[in-house]
Structure formats: C-alpha cells, structure tokens
Number of protein chains: 2
Amino acid sequence: MALGTDYAQQDCSLARALEVVGERWSMLIVRDAFYGVRRFNDFLAHLDIPRAVLTGRLRSLVAAGVLDKEPYQQSPVRYGYGLTSAGRELWLPIYALARWGERHASDGGARTVFSHATCGTRLDIVGSCPTCCVLVAPEDVMMRPGPGALTELRQDPVSRALGRPHRLLAPIEPLSETVGEQAAEPVG
Amino acid sequence: MALGTDYAQQDCSLARALEVVGERWSMLIVRDAFYGVRRFNDFLAHLDIPRAVLTGRLRSLVAAGVLDKEPYQQSPVRYGYGLTSAGRELWLPIYALARWGERHASDGGARTVFSHATCGTRLDIVGSCPTCCVLVAPEDVMMRPGPGALTELRQDPVSRALGRPHRLLAPIEPLSETVGEQAAEPVG
DNA sequence: TTCCTAGGTCTGGTGAACGAACTCACTCAA
DNA sequence: TTGAGTGAGTTCGTTCACCAGACCTAGGAA
C-alpha cells in the first residue's frame, strides 16, 4: 500500500479525492498552480519541497488528470505544468479549506485575500461574489496579500511576484525575468 | 519535522489548515465524525486504520480544537469524540472535496447523496439548497447511499447504519445496539 | 573548454505507517 | 472468584515514504 494513497476500502468520494490530492505537498502544488506557478524550479523554490518528492507529485498529478505538462519554450525545450479543467475544479475545495484555515488555524488575519476581478468584492465563504451573486471561476479571481501576510518570510521569485495583486491562473514566470513592470520597489 | 505536518515556511492559510487535517486519515476521521461516529472502536472498524495511528490522530484533532473528547457513558466511563464548532465548519471543504472526487476520481456515480433535510433537495456544488436558497448547515443535511455505492464492500456496524438515510452529526452508535428500529433485515 | 541553467535521478539516513500482539480497567455470567 | 468479554488504548518489529544533498544530462552562453 502506497503511503498516503490507497484508501481502497473506503466507499467514499472523499477517499477517492484524497488518493489524488491527499498526499503531503499535493494540495500545495495545486494551490501554486492556481497562483500561476508552472516551472519545476519555481515550485521547488516556493514550496521548499525535496526535488525527488516534487518530481513524484507532479507525475502523479499529471497521471490523475489534475495537471498537464506542456512545453513553454523551445530551444532548449522546457516543460511547465498547468491545471487541466478537472484541476481547475479543485478551486472550490482548496478555497474552502484555506478559508477554514484562516479562521481556525491562523492568527493575525487573512494571509491572502481573494476578490472578484470584475467588481473587486471579496469572495464569500463558498467562493461566490456577494455583489454579482455568481460563483466566481478561478480565472476571475484576484489575489492580494491580506492583513496577516508575513512579507518577510520568503524571498523567492514566486513569493515576490505574489506580493502584488495577481490574477489566478495567470502565469507568474514573466515577472521573475521582467521585474519592474509596475515600478516594483527593490526589496529590503 | 513531523511527517505530514509542518509547512512552517508557507505563508498560507491552506498550509495552516493542512497541518491540522492534511495528514493521512485525518480528513476521513473528520468525515466519520460528521457521519455520527463517536467511539474509538467504530472509527477503527469503519476506517480500517491502525489503532496506534487512530490514537495519534484523535489526539491531534482534539489538540487542534477540531474534535472534543467527552464521556458518553458512565460505569465504566467511556469517551467519545465529537466535532467542535470549528470542526463542524470543516463541512464546506470536506463536502467540496467529496463532490470533486465524485466527478473526477470515481466511476459509477455518487457513492453518497447529500440533501437538505427540510425539503429533500439535493445540495448543489457548494453545499447550498437550490430550493430554499440557503447554505445548509451539516446538522440539516441528510445523507443516503447514491447510485455508485458499493453495498457489498463493508459490513461493519457503521457501514450498515449508513446504508439507510441518516442525518449528519446524529450519533450512530445506538443503531449498533438497538438494531431494528426501522425493521432492518438481518444481513446475509 | 568551461560554466550556467533547467529539470531532473540517485542514495543513505530517519521516522511515520502498518499489523499484530499485548495491556489495563471494568463488567457480566457462571 | 474465576473466566470471558469489551473498550480503549500501548508496544514492537518491519516496511516504506520523506528528506537533504550530491550527482547527472542536455542545451546555450562566456
């Protein structure tokens, strides 16, 4: 029995879901994919995850149909990882779990605030926009640091890019090369 | 670093939540608590979890404020585990994840169907009642086996009790002692 | 030719998960 | 008062995933 997977005796959709995203790191990898992380080394630096574990988790998530692996540049060819449509549907459980963690497992307020990109209203507890009365798709969600964010904690390119408002699913890696498109101050 | 916990470098409420319910078995224990399981041996039989692991997980969940341990009988005193208010708020992420698993990680349709107890309408994707237009609290949710349920899979008392419609959070253990309150046929 | 970068593999040590056996306190029936 | 049963664990040896760091490979760049 693979540790962390295989709840075969459980006749339950939750157990099936946990076989896909229930292993250590898996859900944080999917979260980062929503944040726009696509490259192996960006996952690596942002998550502080052992390389071999990241390799295995990416492979599992691709096999499960949550991520797909596609070239993002030629010569030399480099592959990135993006959410499939099934992966994008993980937005609801991930958002719900993050909101629970914000209320019951964190101190100092929300680390990250999610709002409706078209109207700016903060999403409610289930991920709907109270102003527009619609369930907001992840590509229409803006994220920005909240009052509880610990800005000093990390200095990798992904964390720095996420220090400014960012639309979910919009790729992050251009920021790590063309820094300064919005007059970003040098950190420190 | 404890395996399965400690994402200390992650400035993220999701990581905080996963430190509480992200370890193997933890979320299934909370799910069973929603189903009304309260006794150590019932968790044990329904989950097929090693005893030592169950002991550790229950202790962690009590320490995290998700479950509380209370005597459910005297002479001899026996303790059961029930959801705290923080634990009950895990209903939304657990329901969302189960629905994702039903659509993307299962075959043969929903294992379990959740509906609004007061009107009978099946809950929508975020756990609201489309008829009453309210977010349904777990104590107002009825669960019953769905078209994809594998009725032959398990024969422990909890699984048998859940083979009939059951209200979330209603304790299960009376059924394992006073079998027959609804003319249940003997199995086999 | 050497260095650098991206995206990995490989390896040895550590520790959690697993399953089975054992413990302990208590009750009940003979 | 002996023995069996129950509930809720604890102990122990084996297995296996996680971890950190070193190493590898292919294609540019200096």
Side-chain angles (χ1 to χ4, degrees), chain A residues 1-10 18-19 22-29 32 37-62 67 69-82 156-158 171-173 176-177, chain B residues 1-10 18-19 22-29 32 37-62 67 69-82 156-158 171-173 176-177:
Chain A
M1 178 191 289
L3 193 68
T5 60
D6 197 313
Y7 298 101
Q9 295 307 305
Q10 290 298 311
L18 290 174
E19 288 185 354
E23 284 179 302
R24 184 157 162 71
W25 297 114
S26 293
M27 217 170 308
L28 293 181
I29 290 171
D32 270 20
V37 177
R38 298 197 305 175
R39 290 148 56 144
F40 186 90
N41 278 355
D42 283 343
F43 284 110
L44 200 66
H46 189 226
L47 292 172
D48 275 335
I49 179 178
R51 306 176 76 92
V53 175
L54 179 59
T55 302
R57 290 295 185 278
L58 290 171
R59 218 192 302 270
S60 303
L61 290 169
V62 168
L67 300 179
K69 181 175 184 175
E70 289 181 342
Y72 66 85
Q73 75 171 38
Q74 305 293 336
S75 176
V77 63
R78 295 282 183 238
Y79 293 91
Y81 298 87
D156 59 279
V158 173
I172 266 189
E173 77 271 28
S176 59
E177 291 153 12
Chain B
M1 180 191 289
L3 192 70
T5 61
D6 199 313
Y7 298 101
Q9 295 308 304
Q10 290 296 312
L18 290 174
E19 288 186 354
E23 286 180 300
R24 184 156 162 72
W25 296 115
S26 292
M27 217 169 310
L28 293 182
I29 291 171
D32 271 20
V37 177
R38 298 197 304 175
R39 290 148 54 145
F40 186 91
N41 278 355
D42 283 342
F43 284 109
L44 200 66
H46 189 226
L47 291 171
D48 274 335
I49 179 178
R51 308 175 77 89
V53 176
L54 179 59
T55 301
R57 290 295 186 277
L58 289 172
R59 219 193 302 271
S60 303
L61 291 169
V62 169
L67 300 179
K69 183 174 183 175
E70 288 180 342
Y72 66 85
Q73 75 170 40
Q74 304 295 336
S75 173
V77 63
R78 294 284 184 237
Y79 292 92
Y81 298 85
D156 58 280
V158 173
I172 268 187
E173 79 269 28
S176 58
E177 291 153 12

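Because only heavy atoms are used, hydrogens play no part in the values below, and waters and symmetry mates are left out as well, while side chains stay in. We name chains A, B, ... by the order of the sequence lines, and we start the count at 1 in each one.
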- Listed partners of A:E70 passing side chain to side chain contact (heavy atoms under 4.5 Å, CB included), at least two apart: A:D68
- Atom CG of B:L44 and atom P of C:dA20 are separated, to the nearest Å, by 12 Å
- Message: Need one value for B:F43: base, sugar-phosphate or nothing, where a base atom within 4.0 Å counts as base even if backbone is also close, heavy atoms only.
- Response: nothing
- More 5' along DNA chain D: A:I49 or B:Q73, using each one's nearest nucleotide? B:Q73
- Message: Just N and O in the side chain of A:W25: are any of them under 4.0 Å from OP1 or OP2 of D:dC18?
- Response: no
- Message: Less than 3.5 Å apart, any donor N or O on the side chain of B:D32 or B:H46 sitting next to an acceptor on the other?
- Response: yes
- Taken to the nearest 0.5 Å, the spacing of A:Q10 CD from B:L28 CG works out to 5.5 Å
- Give the rounded distance in Å between these two atoms: CZ of B:R38 and C1' of D:dG7. 15 Å
Distances for protein N/O vs nucleotides 23-26 of chain C N/O pairs under 3.5 angstrom?
none

- Let me know the distance between CZ of A:R39 and P of C:dT5, rounded to the nearest Å. 12 Å
- Rounded to whole angstroms, how far apart are CG on B:L58 and C1' on D:dA8? 10 Å
- Message: If I take atom CG from residue A:L47 and atom CZ from residue A:F43, how far apart are they, to the nearest 0.5 angstrom?
- Response: 7.5 Å
- Item | Residues which pass side chain to side chain contact (heavy atoms under 4.5 Å, CB included) with A:R78, listed by chain and number, not counting sequence neighbours | A:Y72, A:Q73, A:P76
Interface polar pairs with nucleotides 10-15 of chain D, N/O, under 3.5 angstrom:
from	atom 1	to	atom 2	distance (Å)
D:dT10	OP2	B:R59	NH2	3.1

- A:Y81 side chain N/O closer than 4.0 Å to the phosphate oxygens (OP1, OP2) of C:dA6? no
- For the side chain of A:R24, starting at C-beta, report the closest nucleotide among C:dC18, C:dG7, D:dC19. D:dC19
- B:H46 NE2 to D:dG7 P, in whole Å, measures 17 Å
- Map A:P50 and B:G80 onto DNA chain D by nearest heavy atom, then report which one ends up closer to the 5' terminus. B:G80
- Query: Are OP1 or OP2 of C:dA17 and a side-chain N or O of A:Y7 less than 4.0 angstrom apart?
  - Reply: no
- Message: So, using side chain to side chain donor-acceptor pair (under 3.5 Å) as the criterion, who are the partners of B:D48 when residues are at least two apart?
- Response: B:R154
- Message: For the backbone of B:G22 and the side chain of B:S26, can you confirm whether one donor and one acceptor N or O come within less than 3.5 Å of each other?
- Response: no
- Gap between atoms CG and C1', on A:L47 and D:dC18 respectively (whole Å): 15 Å
- Message: Against the six-membered ring of A:Y81, is A:K69 placed for a cation-pi contact (under 6.0 Å from the centre, within 45° of the normal)?
- Response: no
- Under the side chain to side chain contact (heavy atoms under 4.5 Å, CB included) test, which residues partner A:R51, sequence neighbours left out? A:F40, A:N41, A:L44
- Note on the structure: Rounding to 0.5 Å, atoms CD (A:E23) and CG (A:L61) come to a distance of 8.5 Å
- Mind calculating the distance between OH (B:Y72) and P (D:dT6) to the nearest angstrom? 13 Å
- Report the distance from atom CG of A:D48 to atom C1' of D:dC19, rounded to the nearest whole Å. 12 Å
- Message: With a 4.0 Å limit, can you tell me whether A:Y79 has a side-chain N or O closer than that to the phosphate oxygens OP1/OP2 of D:dA26?
- Response: no
